[in-house]
Structures are given as C-alpha cells and as structure tokens.
> 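Please find one structure pasted underneath; my questions will follow.
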Amino acid sequence: MPAAAPPLCLVWGPAGHGVTDYGSDVVAAARRLDPRLRSVAVSDLDGALGAIAPGEHVHLHATDRLLGSSLEAAAAAVEALSRVCRLSLTLHDLPQPSDGTKYDRRVSAYRRFFDAADAVAVNSDHERLLVSEHLGDGLRPHVIPLGTRVGAAPVVDVPATVADLVVLIAGFVYPGKGHEPALRAAAAAVDALRASGRPVGDAVVRALGAASPGHDDDVAALHRLAADLGGRFEITGFLGDDDFSARLHEPGIPVAAHEHVSASRSMLDWIEAGRRPLVVRSRYSDEMDRLRPGTSILFVPAELAGLLAAAWEDPATTRLEPSHPLRPDLADAAGSYLAWWRGMSR
C-alpha cells in the first residue's frame, strides 16, 4: 500500500521574510524527495482558505507577525484554518520574557495556535523547552532542527588583515540584536591592540541589512554611541539575496550576539558562506554547537573584546575549513518532515 501523500504546504508571506523563505526552502527540498508534495504561496487568510480542500492535511510555517495585523488576529487566522482542514504547524519565534509588554498577549496567541493545530513542530530543543516553560508543561511539540542550504562548507578565500577592526552583524537592526555590545567590545579591542603596539585602525560595526520597521531611532543611537567610543557604525540598508550573500564573504569578523534568540537563521547564513562566527553563549547556541561542532566560536560577553582582537590578528579563524560538515541540511530536514507527516496519517 503506497504511503499517504504529504500535506498541502502553505508558503505564507512575502519573499525575503525569514520564516517564509525557510518554509519555501523546506517545500523545495521535500518535493525532491516526494514529488507528490504540493504547495501554494499565499499572502492572507482569504488566499489560504481559497487554496484548501475541506478536510485535507495542510502544513504551515508560522509566526504571529506574518499571520495578522495583531496577535489576536494571527491566532484567529490559525483557528479559521483549523476549522476547514487538518492543520500542522511549525512555529517560529516562540514567546519568552524578553517580549516585554507583549509577553502575555504572545503567550495567549501561541496557546491558541497549539489548541487549533493537530500537531506542532519547533526548530530546536531550546524552543521545545520555551514551549514547556511559557505555554504549558503538558505541550510536547516535535523537534526538527533548521536545515542548512549546503551540507558542507564551501571553499572561500581568507582575506589579509585589514587596517580597521570590522565587526559584521547580519540581518535587521533592532534592540537586543547585539550591535551595542559589539560596538563597546570592538572599541575595547582596538584600545588593547593599540596599547600593545599593533597598527590597528578604527573600531567599526557594520550591519548587513536594514533597520527593522520602526527602529530608525535605534540606528541613530548606534551612530552616536560609535562616535562617542571613537569608532563607526555602518548600515548597508536592505540587501537582495545575491548582495547579502556576497557581503557575508567580505573582510571582517562575523558576530551573532542576539540577546533573546529563539532559533537563528543568521547563524546558518554565516556557516553556509564558509564563515565561523563568534556567537554569544545561550541555551540555543550551546545546542547548535553540539549539533554542528566546530562551526562557531562561543563566547560570554566579557570575552568578546579579546576574541575580536585575536580574530583581527588572525582572520583565518573566521573561516571554516573547506568541506567542514554543516548537516543537518535541508534534505535532512525535509526527510524528517516527510516522516513526521506520514506518522500523522496512520
């Protein structure tokens, strides 16, 4: 008897959004393993409801900001879907106390997501624990780690040391992303290098991306802080896929210093480009270090200045050895999804 067909996969949201793009990547990888997989791109609830046959199994990669104009509207959209289909979800950006004033509303919305869905997956054991800690101890989501686009590190050139000490932070600029501590650590590293007689230039933190909507004032504050510290803050603005990929290879020290990470696509962006980022220690980064050993350098905040100085003197430490394993990749993730979905059909 042939295996049950995989679900209809909704790819909800605009191209360029991390959750939308990752859902699209998983769909493409899963279709290579099972050509029966169907998908449809949608931008709103009406489009999603119009694509669904009553009672069929539907899967969606979801985060509240994609699904509605408010947390409550996002939860209502998931509930509307669940009334016409058998719905499974992969949830991204799980609630945690760093959500501040939105924490209680996000907890309520994500509990409604769980109540509406037939099954839920998350992208890390860290997120599984966030669910237990903040949404309900009895909830047991399935865990399928984020997959890399490539299974091994590519061959990349190692640049010569540049005069300035340049820190590269990928993605949108918003509070808690790590730009401020990176500026302070870079300035301290430059001071230490100069004190030891090294010919270092300025401390520079370069954001590879644009300000998150509503955070232009934070960019202005980072420029002021950099000037006060005797360094520079630079921001590229929005980058298309090709430009973003190219900028990941430029001279500088890749840093991922998210203070409140749930699961991180930007950490994968770095290693897929053959870079070995400095990553602030957290429950999530410790888990990723176990999953993909040797692909990052973990630090506690007090260590960052020293590690930046060392990386400026030896840029090769910011590059992975060619063919360093990066799996699980998208094919692995897709295979895990297909197995999970088959289990639901029994």
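The residues of the chain are indexed from 1 along the displayed sequence.
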> Using side-chain contact (heavy atoms from CB on, under 4.5 Å), reason through H324 and I271 one step at a time and then give a plain yes or no.
CA-CA 10 Å; H324 187 104; I271 66 175; over 6 Å; no
> Assess the residue pair C9 and L37 against the criterion (side-chain contact (heavy atoms from CB on, under 4.5 Å)); give the C-alpha distance rounded to whole Å, side-chain angles, the decisive distance to 0.1 Å, and a yes or no.
CA-CA 8 Å; C9 291; L37 186 139; 4.0 Å; yes
> Would you check if L60 and L67 make a side-chain contact, meaning some heavy-atom pair closer than 4.5 Å?
yes
> Side-chain contact, heavy-atom cut-off 4.5 Å: V190 with D202?
no
> What's the spacing between L94 CG and N123 CG if we round to 0.5 Å?
8.5 Å
> Looking only at heavy atoms, what is the nearest atom pair of V150 and D329, with distance?
O-CB, 4.1 Å
> Is there a continuous path of hydrophobic side-chain contacts, each under 4.5 Å between heavy atoms, that joins Y22 to V27?
yes
> For D228, look at atom CG and say whether over 12 heavy atoms of other residues, nucleotides or ligands are found less than 6.0 Å away.
yes
> State whether the side chain of S24 and the backbone N or O of D21 hold a donor-acceptor pair below 3.5 Å, judged by distance alone.
no
> Can you tell me how far CD of E180 sits from CG of L229, rounded to the nearest 0.5 angstrom?
9.0 Å
> Below 4.5 Å, heavy atoms only, C-beta onward: do E250 and V166 meet side chain to side chain?
no
> Answer with yes or no whether the hydrophobic clustering places L248 together with V279; edges join I, L, V, M, F, W, Y residues whose side-chain heavy atoms lie under 4.5 Å apart.
no
> For A333 and I144, which heavy atoms make the closest approach, and how far apart are they?
O-CG2, 4.0 Å
> Is the side chain of R276 donor-acceptor paired with the backbone N or O of G294 at a distance under 3.5 Å, no angle test?
yes
> L183, V200: one ILVMFWY side-chain cluster at the under-4.5 Å cut-off?
yes
> Would you say Y103 has more than 12 foreign heavy atoms packed within less than 6.0 Å of its OH?
yes
> Can F244 be reached from V255 by stepping across I, L, V, M, F, W or Y side chains whose heavy atoms are under 4.5 Å apart?
no
> Determine whether a donor-acceptor pair (N or O, by modelled atom type, separation under 3.5 Å) exists between the side chain of D218 and the backbone of Y174.
no
> Check whether T318 reaches the backbone of P315 with its side chain - one donor and one acceptor, N or O, closer than 3.5 Å.
yes
> Drop me the distance from S285's OG to L291's CG, to the nearest 0.5 angstrom.
12.5 Å
> Would you check if the side chain of R247 reaches a backbone N or O of G209 as a donor-acceptor pair within less than 3.5 Å?
no
> Can you check ring pair (Phe, Tyr, Trp, His ring centres under 6.0 Å) on H59 and Y337, steps first, answer last?
CA-CA 10 Å; H59 186 78; Y337 272 103; 5.6 Å; yes
> How about Y110 and D64: does a side-chain donor come under 3.5 Å of a side-chain acceptor?
yes
> So, the side chain of R65 versus the backbone of L71: is there a donor-acceptor pair under 3.5 Å, distance only?
no
> With no hydrogens and no angle check, is any side-chain donor or acceptor of R140 less than 3.5 Å from a backbone partner on D137?
yes
> Would you say CZ of R327 has more than 12 non-hydrogen atoms from neighbouring residues, nucleotides or ligands within 6.0 angstrom?
no
> Hey, does the side chain of S108 reach the backbone of D104 with a donor-acceptor pair shorter than 3.5 angstrom?
no
> For R38 and E56, run salt bridge (charged side-chain N to carboxylate O under 4.0 Å, His left out): C-alpha distance rounded to whole Å, both residues' side-chain angles, the deciding distance at 0.1 Å, then the answer.
CA-CA 12 Å; R38 298 171 299 122; E56 75 175 319; 2.8 Å; yes
> Of all the heavy-atom pairs spanning F113 and L89, show the shortest one and how long it is.
O-CD1, 3.9 Å
> What are the two closest non-hydrogen atoms of R275 and H249, and how far apart are they?
NH1-C, 3.8 Å
> Salt bridge or not for D115 and R112, using N-O below 4.0 Å?
no
> Just by distance, do the side chain of W312 and the backbone of V162 share a donor-acceptor pair under 3.5 Å?
yes
> Once the angle between the rings of H142 and W340 is folded into 0 to 90°, is it parallel (under 30°), tilted (30 to 60°) or perpendicular (over 60°)?
parallel
> Is the shortest distance from a Lys or Arg side-chain nitrogen in D99 or R105 to a carboxylate oxygen in the other one below 4.0 Å?
no
> For the CG atom of D289 and the OG atom of S282, what is their distance to the nearest 0.5 Å?
10.5 Å
> Do other residues, nucleotides or ligands put more than 12 heavy atoms under 6.0 Å from the CG atom of D314?
yes
> What is the distance from atom CG of L129 to atom OG of S124, rounded to the nearest 0.5 Å?
8.5 Å
> To the nearest 0.5 angstrom, please state how far the CG atom of L10 sits from the OG1 atom of T20.
11.5 Å
> Is the shortest side-chain heavy-atom distance between L81 and L49 below 4.5 Å?
yes
> Does either side chain, that of S39 or that of R31, offer a donor lying less than 3.5 Å from an acceptor on the other one?
yes
> Is the shortest side-chain N to carboxylate O distance from D269 to R149 below 4.0 Å?
yes
> Between E287 and R290, does at least one N-O distance fall below 4.0 Å, as a salt bridge requires?
no
> Please find the pair of heavy atoms, one from A29 and one from L330, that lie closest to each other, and give the distance.
CB-O, 3.7 Å
> Evaluate the side-chain proximity of P95 to L135: yes if any heavy-atom separation is below 4.5 Å, no if none is.
yes
> Kindly indicate whether the side chain of L66, heavy atoms from C-beta on, has any atom under 4.5 Å from the side chain of H92.
no
> To check you understand the geometry: which heavy-atom pair defines the closest contact between A119 and M344, and what is its length?
CB-CE, 3.7 Å
> Side-chain contact test, heavy atoms from C-beta onward, threshold under 4.5 Å: evaluate it for V219 versus F233 and give yes or no.
yes
> Take R283 and E133, measure what salt bridge (charged side-chain N to carboxylate O under 4.0 Å, His left out) needs, and give me the verdict at the end.
CA-CA 14 Å; R283 187 167 67 189; E133 291 161 355; 2.8 Å; yes
> Hydrophobic clustering (ILVMFWY, side-chain heavy atoms < 4.5 Å, transitive) - are L326 and V26 grouped together?
yes
> Go through H258 and K177 one step at a time and tell me if the side-chain contact (heavy atoms from CB on, under 4.5 Å) criterion holds.
CA-CA 4 Å; H258 312 53; K177 186 69 177 285; 3.5 Å; yes
> Mind checking whether T63 and H17 have side chains closer than 4.5 Å, heavy atoms only?
yes
